[in-house]
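Computed from a predicted model, the values in this text were never measured in an experiment. Note that these values count all heavy atoms, side chains included, but never hydrogens, waters or copies made by symmetry.
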Amino acid sequence: MIRVRIATIFILMSAALLLAGCGQQGDAGQEEAQPEEAQTEAESEADAVSTASVVDTADGFIRAASSDGTWIIAITQDLTVDSEIVVAGEFTRRDEIYRKLALYAQDEDRNITDRYTLTAPRLVVRSENTRIEEGTFVGDVYVEAPGFHLVGATVEGNVYFETEALRDSFEMDDASEVTGEIRIGTR
């Protein structure tokens, strides 16, 4: 009986937090506030489509980027991953399909307070509309899905697109930079 009550309380608290997060309205052009604490495994199972992962370890980042991960992966410090990172799966947020790698911290007014560096030998993008925002990725990016975006981000390396159509769907704002080559082909 106590277990049922604890489970009910946990479910009600999770639902209240989810509803509170969904009810926040900011300016239409601004992104969602970065979550302040890491997602629990139970929350992940409850709503993997709309929750976020805040990570500070290589293993946590790899899990969050997988097809079993979340729509947004936010790091809280510079992070080095010694193996390939694969961003996979289809995720939606507010009826839009996309993934976001948030390489920054922000305050409650959505002002960016810090930018971080994610380092890996390669980042393979297999999720549609993946965007890297407001930080630096050090390594090569291999794009295998449409709609790859850089928003206020730097790639210190090359960006390879599997096809011309994927290259044509690429967007990069004026605040972004790729220090290496941007080309078709995988090597």
Heavy-atom pair with the smallest gap, counting every atom of [X] and [Y]:
X      : Y      : result
Ser127 : Ala88  : OG-C, 3.0 Å
Ala145 : Leu166 : C-CD2, 3.3 Å
Arg126 : Val86  : NH1-CG1, 3.6 Å
Gly152 : Ser176 : N-OG, 3.0 Å
Thr154 : Thr179 : CG2-CG2, 4.4 Å
Tyr160 : Arg183 : CE2-NE, 3.1 Å

Count I, L, V, M, F, W, Y as connected when their side-chain heavy atoms are under 4.5 Å apart, and connections chain through other members. Are [X] and [Y] then in the same cluster?
X      : Y      : result
Tyr98  : Phe91  : yes
Ile75  : Val151 : no
Ile182 : Val125 : yes
Met172 : Val87  : yes

Quick one: pull up [atom1] in [X] and [atom2] in [Y] and give me the separation to the nearest 0.5 Å.
X      : Y      : atom1 : atom2 : answer
Gln106 : Asp114 : CD    : CG    : 12.0 Å
Glu96  : Trp71  : CD    : CH2   : 9.5 Å
Thr130 : Lys100 : OG1   : NZ    : 12.5 Å
Arg115 : Leu103 : CZ    : CG    : 10.5 Å

Do the non-hydrogen side-chain atoms of Ile72 and Arg93 ever get within less than 4.5 Å of each other?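 No; the side chains remain at least 4.5 Å from each other.
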
Under a 4.5 Å cut-off applied to non-hydrogen side-chain atoms, are Leu79 and Tyr116 in contact?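 No. Closest side-chain heavy atoms not under 4.5 Å.
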
According to the salt bridge (charged side-chain N to carboxylate O under 4.0 Å, His left out) rule, which pairs have a member within residues 164-175, sequence neighbours left out?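 Sorted result for residues 164-175: empty, none.
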
Pairs involving residues 75-88, ordered by first then second residue, that meet salt bridge (charged side-chain N to carboxylate O under 4.0 Å, His left out) (sequence neighbours left out):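 Applying salt bridge (charged side-chain N to carboxylate O under 4.0 Å, His left out) to every pair that reaches into residues 75-88, excluding sequence neighbours, yields Glu84-Arg122.
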
For [X] and [Y], indicate whether the former's side chain and the latter's backbone hold a donor-acceptor pair under 3.5 Å.
X      : Y      : value
Ser66  : Asp68  : yes
Arg99  : Thr70  : yes
Asn158 : Gly180 : no
Ser169 : Gly147 : yes
Gln77  : Asp56  : yes

From the options Leu118, Asp140, Val138, Leu101, select the one residue that forms a side-chain contact (heavy atoms from CB on, under 4.5 Å) with Leu123.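 Only one option passes, and that is Leu101.
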
Listed partners of Phe148 passing ring pair (Phe, Tyr, Trp, His ring centres under 6.0 Å), at least two apart: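 If we apply the ring pair (Phe, Tyr, Trp, His ring centres under 6.0 Å) test to Phe148, skipping adjacent residues, the hits are Phe170.
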
